[in-house]
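Remarks on the structure that follows.
These numbers come from a predicted model, not from an experiment.
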Amino acid sequence: MIYSTATVPVNPEGETRLTRGQAWAGLELKARDARLFLPPGLCTRCEVVEESATHFIREATIGGAELREIVVLEPERKASFFQAAGLREGVIVNELYEDEDGALQLRFYCYLGLRGKAPNSPEEQADQAQLDGDNGYKAALLSTLKRTRELLAEGKL
């Protein structure tokens, strides 16, 4: 199984301050259309195909791979992406919380497996290394906050 986690401050020194509501607005927008937040060309399709009072389903093409996710939003707190179809199975979570000093943090964590692959297989080990690496989910958290600030400055948030 793949377990990865990363946490970054929402308001590091020198950056435009985001309120919890603004940070959440960015996370929700990313959940609905990842193309706006990922590097150009990485996500070529992302659309909500079904919506209910408790969740929505999105289908996307990210890195050339097709996926289907059930997305559950806990407003201003947590977005959970349950992998319904695609290479991975499990859950990816993005969570806003205050640390012990009251500073707003954005945390990513996931518990995943690769469909059709044995636990701890070379493929899972490679996926784990990618998620934990310099271009993994910590970088994704930082780019999400950067894009949220850009959208705020453009008056689109």
Side-chain angles (χ1 to χ4, degrees), residues 2-12 14-98 104-115 126-157:
I2 299 164
Y3 177 74
S4 184
T5 188
T7 302
V8 298
V10 170
N11 293 306
E15 294 290 347
T16 301
R17 284 194 69 73
L18 295 173
T19 65
R20 176 184 280 272
Q22 291 164 334
W24 175 255
L27 284 177
E28 184 173 3
L29 190 56
K30 182 180 178 183
R32 292 181 177 281
D33 192 352
R35 293 174 298 178
L36 301 171
F37 291 83
L38 297 176
L42 182 60
C43 181
T44 56
R45 179 178 69 92
C46 187
E47 59 187 289
V48 174
V49 297
E50 186 178 318
E51 192 152 1
S52 78
T54 60
H55 67 279
F56 62 88
I57 297 174
R58 78 174 190 180
E59 293 179 349
T61 306
I62 300 177
E66 299 292 322
L67 61 96
R68 183 176 177 96
E69 295 173 309
I70 301 165
V71 182
V72 178
L73 302 176
E74 297 176 39
E76 296 200 13
R77 187 170 166 264
K78 187 187 296 185
S80 301
F81 302 81
F82 296 91
Q83 308 298 292
L87 300 173
R88 297 175 176 149
E89 54 190 346
V91 65
I92 296 169
V93 178
N94 286 267
E95 180 179 34
L96 286 168
Y97 72 97
E98 282 89 15
L104 191 58
Q105 304 290 316
L106 176 56
R107 175 173 49 191
F108 154 86
Y109 56 96
C110 71
Y111 190 62
L112 301 167
L114 295 180
R115 293 184 200 281
D127 212 38
Q128 176 82 55
Q130 188 275 327
L131 293 175
D132 291 340
D134 290 341
N135 292 319
Y137 278 104
K138 183 173 184 178
L141 294 175
L142 294 171
S143 70
T144 296
L145 293 171
K146 179 180 183 230
R147 183 67 180 132
T148 299
R149 285 184 176 85
E150 291 168 357
L151 290 168
L152 182 64
E154 294 167 7
K156 296 179 180 175
L157 194 64

> Quick check: does any side chain N or O of R58 sit under 3.5 Å from a backbone N or O of A31, one acting as donor and the other as acceptor?
Replying inline: yes
> Which heavy atom in T148 sits nearest to a heavy atom in G26, and how many Å separate them?
Replying inline: OG1-CA, 3.5 Å
> Can you check whether L114's main-chain N or O pairs, donor with acceptor, with R88's side chain at less than 3.5 Å?
Replying inline: no
> Roughly how far apart are L36 CG and E150 CD, rounded to 0.5 Å?
Replying inline: 11.0 Å
> If you measure from CD1 on I70 to OG on S52, what distance do you get to the nearest 0.5 Å?
Replying inline: 10.0 Å
> V8 and F108: side-chain contact (heavy atoms from CB on, under 4.5 Å), yes or no, with the steps?
Replying inline: CA-CA 9 Å; V8 298; F108 154 86; over 6 Å; no
> For the atom pair OG (S80) and NE2 (H55), what is the distance rounded to the nearest 0.5 Å?
Replying inline: 13.0 Å
>> Please give me the minimum heavy-atom distance between Y97 and R107, naming the atom from each residue.
In response: CE2-CB, 3.8 Å
>> Please find the pair of heavy atoms, one from A79 and one from L73, that lie closest to each other, and give the distance.
In response: CB-CD2, 3.7 Å
>> Minimum heavy-atom separation for C110 and L112, please, with both atom names.
In response: SG-CD1, 3.7 Å
> Do you know which two heavy atoms are closest between C46 and R32, and how far apart they sit?
Replying inline: SG-O, 3.9 Å
>> Run E66 and T61 through side-chain contact (heavy atoms from CB on, under 4.5 Å) and show every step you take.
In response: CA-CA 5 Å; E66 299 292 322; T61 306; 2.8 Å; yes
> When you look at T54 and V72, which way does the side-chain contact (heavy atoms from CB on, under 4.5 Å) test go after all the steps?
Replying inline: CA-CA 7 Å; T54 60; V72 178; over 6 Å; no
> Would a distance-only check, ignoring hydrogens and angles, find a side-chain to backbone donor-acceptor pair under 3.5 Å from Q128 to Y3?
Replying inline: yes
>> Please tell me whether E69 and Q83 have a donor and an acceptor in their side chains that are separated by less than 3.5 angstrom.
In response: yes
> Taking all atoms of both residues into account, what is the closest heavy-atom pair of V10 and Q105, and its distance?
Replying inline: CG2-C, 3.7 Å
>> Working to the nearest 0.5 angstrom, can you tell me the gap between L27 CG and L141 CG?
In response: 8.5 Å
> Once you round to the nearest 0.5 Å, how far does OG1 of T144 lie from CG of L29?
Replying inline: 10.5 Å
> NZ of K138: more than 12 outside heavy atoms within 6.0 angstrom?
Replying inline: no
> Rounded to the nearest 0.5 Å, what separation is found between the CG atom of L42 and the CZ atom of R35?
Replying inline: 12.5 Å
> Would one find more than 12 heavy atoms of other residues, nucleotides or ligands at under 6.0 Å from atom OH of Y111?
Replying inline: no
>> Can you tell whether the side chains of E15 and K146 come within less than 4.0 Å, N to carboxylate O?
In response: no
> Would you find more than 12 non-hydrogen atoms of other residues, nucleotides or ligands less than 6.0 Å from R17 atom CZ?
Replying inline: no
